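None of the values given here were measured: they were computed from a predicted structure. All chains are named by letter (A, B, ...) in the order of the sequence lines, taking the proteins before the strands, and each is independently numbered beginning at 1.
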Amino acid sequence: MRFAPSPTGHLHLGGARTALYNWLLARSSGGAFVLRIEDTDTERSNDAAIDQIITSLSWLGLDWDEGPGVGGAHGPYRQMERRQLYADAAERLLAEKRAYRCYCTPEELDGERREARKREVPYVYSGRCRNLEASVDAGNGGGGRGRESVIRLKTPSEGHTLVHDLVRGEVSFENALCGDFILVRSNGVPTYNFAVAIDDTAMEITHVIRGDDHLPNTPKQIMVAEALGKKPPLYGHLPLILGPDRAPLSKRHGAVSIEEFRSRGFLREALCNYLALLGWSFDAESTLFSMDELVEKFSIERVGSTAAAFDMDKLLWMNGHYIRELEPVELAERLEAYLPGTKLAGLPGRDGNPDIDDLVPLVQEKMKTLEDFVELTDFFFLPLEFEKKALRKLTGNDRAAELLDAAAEALQQVEPFDIENIEAALRRKADEIDVKLGKFLQPLRIAVSGKTVTPGMFETLSVLGRDKSLDRITNALTLRDVGSQSSITQDQEDAG
RNA sequence: GGCGCAUUCGUCUAGUGGCCUAGGACGCCGGCCUCUCACGCCGGUAGCAGGGGUUCGAAUCCCCUAUGCGCUACCA
């Protein structure tokens, strides 16, 4: 099995799914997963993209048995480093008269294409140069001197080429419509179809699982393999991934690169599970699969053939599920790695701030992404900032001052200042002044956090500590005394 | 235009001629739980693209139409 990305950008969702399926197939069948970089598009390929892709694959946990960084028996694993191989193959094909040099210029070909278009007839290369070799090519030192040439494969002009596709079944292509396609460009660089076919056979690739868009290329690759006297691999073509609007997924749909999902706080296990399900299913019931279960249960036969739309809501749900499933210490570790890129960078554990471990139990079940941790807990670390809505609720509440006073009074007595005692004290106080707990806690929540939504109040207060809690209550009280719109913005600036 | 692929709830899908009054998951709606929000639990909403066949019987097989997508490069 192989995954062979072209390094022209980030690893995106579609590529990741392709990689995942290849990897699963390899892992579940005891085969090798090989990573090969297809960089024959010299215009668009670049090294930064290769690094990026490798980083993303590693992050997903899709390790390769052969490829960049690990080597292997079939290297090198970058096509541009395999050029001698392609050149040799081209030479051989030329010598065996299975291929020939073509001297048609791009302009001439364009003309042919336009002509075909005009006559509403399918365009196929005319094969004009097919029988030139005797007269021109064989001449001294190559008669084509002075004029650039490409190398084309002689393809059958009749019959069909069958692709036994692992996910679609048998697909038939008419040879007459194929034409003698180009193997080697005039600049000496092999085309995709040529390089791929050579590499797949040379690397002893048995299964090629790739995007749908390659299906029409497949007969060409089979022809190359056969011309070379090699057996082509088995192919399976995955339908592409669509955006929510059912147009092919692209940047304008928002996050599409794996790197982006990572930085937005998604977990690799959620991404892999979700991606696995986007086009594959195990049975009528199951949706949650660990990596081990995927390896155990994945099979190419159960890959569907219809294009699937990406659904962020489902991914978010799944990500939340995996976050909840993590051991708290494990979640803390992930956050440890994640937080440095956020506004909380360096804050946890410093200057009397709470540790990540202190907060994980408070927010674990509320998080859908690691990113959520930041919004959920920022008020523990940063100067208090009131959300607009929260401020409105607080200033609009006639009893707020009274309730806050009562809360402060209750909290003063608590000793030790822990969850149980805080809860007991506050419940008692609420009882005493005869207000429902919810009514009592809500102004307190806003005063202490600036938000209408927070982790449990007792836990929050205990982590925040008595001093900070009381300070914030006091501050909220003054804020209420001032009360006007203009001073609200003033306070926000002070807070920030 | 040609060639190819596809079409089951809004979304991901189960389904391979009778088990389908079409199942699960996300979402959505309602309820329970509850200090807010979530989580969890319970319940509900919603679908076989259309038309012809074949068959005692079709989501499942065949044909046509429609729609979407891919390819049609000296891109991959």
Side-chain angles (χ1 to χ4, degrees), chain A residues 4-8 38-41 43-45 79 102 104-106 109-110 113 116-117 119-124 148-152 163 165 168 171-174 177-179 181-193 195-196 210-219 237 239-240 242 244 246-248 274 277-288 302 304-318 320-321 324 363-368 372 376 423 426-427 430 436-442 444-446 449 451-458 460:
Chain A
S6 25
T8 56
E38 307 203 325
D39 54 355
T40 54
D41 182 353
E43 299 283 301
R44 299 193 301 157
S45 298
Q79 289 190 320
C102 165
C104 297
T105 64
L109 296 175
D110 260 10
R113 251 191 296 277
R117 179 116 207 141
R119 287 170 41 214
E120 290 199 336
V121 83
Y123 169 73
V124 181
E148 290 192 327
S149 68
V150 300
I151 298 175
R152 311 185 88 114
V163 177
D165 193 279
R168 283 159 210 282
V171 185
S172 165
F173 293 88
E174 213 173 317
L177 263 21
C178 175
F181 56 92
I182 294 174
L183 302 178
V184 181
R185 299 179 177 99
S186 51
N187 65 2
V189 179
T191 60
Y192 168 72
N193 283 318
V196 159
R210 60 191 355 178
D212 211 344
D213 44 343
H214 291 289
L215 186 51
N217 284 321
T218 310
H237 289 93
L240 66 183
L242 271 22
R246 300 208 71 82
Y274 179 76
L277 245 32
L278 213 53
W280 169 86
S281 65
F282 176 65
D283 59 18
E285 317 289 297
S286 323
T287 53
L288 267 6
R302 290 198 61 87
S305 54
T306 70
F310 174 72
D311 180 6
M312 184 58 115
D313 283 335
K314 191 159 184 173
L315 209 212
L316 279 170
W317 164 78
M318 201 173 268
H321 166 83
R324 268 169 259 131
V363 296
Q364 182 162 14
E365 69 183 11
K366 299 185 193 305
M367 296 167 61
K368 281 190 156 57
D372 288 345
L376 250 15
E423 171 161 10
L426 289 176
R427 281 189 188 278
K436 293 243 286 260
L437 191 65
K439 289 275 182 225
F440 183 48
L441 257 27
Q442 201 54 14
L444 178 58
R445 183 187 315 281
I446 294 171
S449 70
K451 301 172 195 286
T452 54
V453 173
T454 70
M457 205 62 279
F458 314 128
T460 298

Taking atom [atom1] in both [N] and [M], compute the distance separating them and give it to the nearest angstrom.
N     : M     : atom1 : answer
B:C29 : B:G23 : P     : 22 Å
B:C64 : B:C3  : P     : 13 Å
B:G4  : B:A22 : P     : 36 Å
B:G24 : B:U45 : P     : 11 Å
B:A25 : B:G47 : C1'   : 15 Å
B:C62 : B:U55 : P     : 16 Å
B:G53 : B:A58 : P     : 12 Å
B:A66 : B:A38 : P     : 48 Å

Measuring from A:L437:CG to A:L426:CG, what's the distance to the nearest 0.5 Å?
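That separation rounds to 7.5 Å.
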
Measure the CG-CG distance between A:L277 and A:L288 for me, rounded to the nearest 0.5 Å.
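Going from the CG atom of A:L277 to the CG atom of A:L288 covers 9.0 Å.
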
Decide yes or no on side-chain contact (heavy atoms from CB on, under 4.5 Å) for A:T218 and A:F173, but give the supporting numbers first.
CA-CA 9 Å; A:T218 310; A:F173 293 88; 5.6 Å; no

Quickly work out the [X] [atom1] to [N] [atom2] distance and round it to whole Å.
X      : N     : atom1 : atom2 : value
A:R445 : B:U34 : CZ    : P     : 15 Å
A:N217 : B:A76 : CG    : C1'   : 8 Å
A:L277 : B:U13 : CG    : P     : 8 Å
A:I182 : B:C74 : CD1   : C1'   : 5 Å
A:L288 : B:G24 : CG    : C1'   : 12 Å
A:D283 : B:U13 : CG    : P     : 14 Å
A:D39  : B:A76 : CG    : P     : 10 Å

As a test of reading the structure: which of [options] is closest to the side chain of [X], going by heavy atoms?
X      : options             : answer
A:V150 : B:C71, B:C74, B:U11 : B:C74
A:E285 : B:C69, B:A25, B:G23 : B:G23
A:A309 : B:U11, B:G1, B:C74  : B:U11
A:S281 : B:G70, B:A14, B:C26 : B:A14
A:P122 : B:G10, B:G2, B:A76  : B:G2
A:A308 : B:C35, B:A76, B:C12 : B:C12
A:D311 : B:G10, B:C35, B:C74 : B:G10
A:R427 : B:C12, B:U36, B:C35 : B:C35
A:P248 : B:A76, B:G27, B:C69 : B:C69
A:W317 : B:G27, B:C35, B:C3  : B:G27

Touch class at under 4.0 angstrom, heavy-atom based, for [X] against every strand present:
X      : value
A:S45  : nothing
A:F458 : base
A:C104 : base
A:S305 : sugar-phosphate
A:K368 : sugar-phosphate
A:G279 : sugar-phosphate
A:G438 : sugar-phosphate
A:T306 : sugar-phosphate
A:R302 : sugar-phosphate
A:R168 : sugar-phosphate
A:H237 : nothing
A:V171 : sugar-phosphate

Can you tell me if [X] touches the phosphate of [N], counting only side-chain N or O atoms and a distance under 4.0 Å to OP1 or OP2?
X      : N     : answer
A:R113 : B:U72 : no
A:R324 : B:G40 : yes
A:S286 : B:G24 : no

If you assign A:S172 and A:T287 each to the RNA chain B nucleotide with the nearest heavy atom, which residue ends up on the more 5' nucleotide?
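Nearest nucleotide further toward 5': that of A:S172.
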
I want to confirm an ordering. Mapping A:P106 and A:D213 to their closest nucleotides on RNA chain B, which one lands closer to the 5' end?
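Residue closer to the 5' terminus by nearest nucleotide: A:D213.
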
With the side chain counted from C-beta on, respond yes when [X] and [Y] share a heavy-atom pair under 4.5 Å apart, and no when they do not.
X      : Y      : result
A:D311 : A:Y274 : yes
A:K368 : A:D313 : no
A:L215 : A:D165 : yes

Carboxylate-amine/guanidinium contact A:D212 A:R168, below 4.0 Å:
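Looking at A:D212 and A:R168, the cut-off is met.
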
Using the rule side-chain contact (heavy atoms from CB on, under 4.5 Å), only one of A:T454, A:L376, A:V453 pairs with A:K366; which is it?
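One option only clears the test, and that one is A:L376.
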
Minimum heavy-atom separation for A:H237 and A:G211, please, with both atom names.
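Smallest heavy-atom distance, with atoms named: CD2-O, 3.3 Å.
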
Could you tell me which nucleotide pairs with B:C29 by Watson-Crick or G-U wobble geometry, both distances under 3.5 Å, or answer none if nothing does?
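B:G43 - that is the nucleotide pairing with B:C29, both distances being under 3.5 Å.
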
Could you check which nucleotide pairs with B:C5 in any of the strands shown, counting Watson-Crick or G-U wobble with both distances under 3.5 Å?
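Check on B:C5: paired to B:G68, both distances under 3.5 Å.
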
Examine the base of [N] for any acceptor or donor lying under 3.5 Å from a partner atom in the side chain of [X], and report the outcome as yes or no.
X      : N     : value
A:K366 : B:C39 : no
A:T191 : B:C74 : no
A:R246 : B:C69 : no
A:N193 : B:A76 : no

Report the C-alpha distance between A:L242 and A:F310 in whole Å, list the side-chain angles of each, state the deciding distance to 0.1 Å, and finish with yes or no for side-chain contact (heavy atoms from CB on, under 4.5 Å).
CA-CA 6 Å; A:L242 271 22; A:F310 174 72; over 6 Å; no

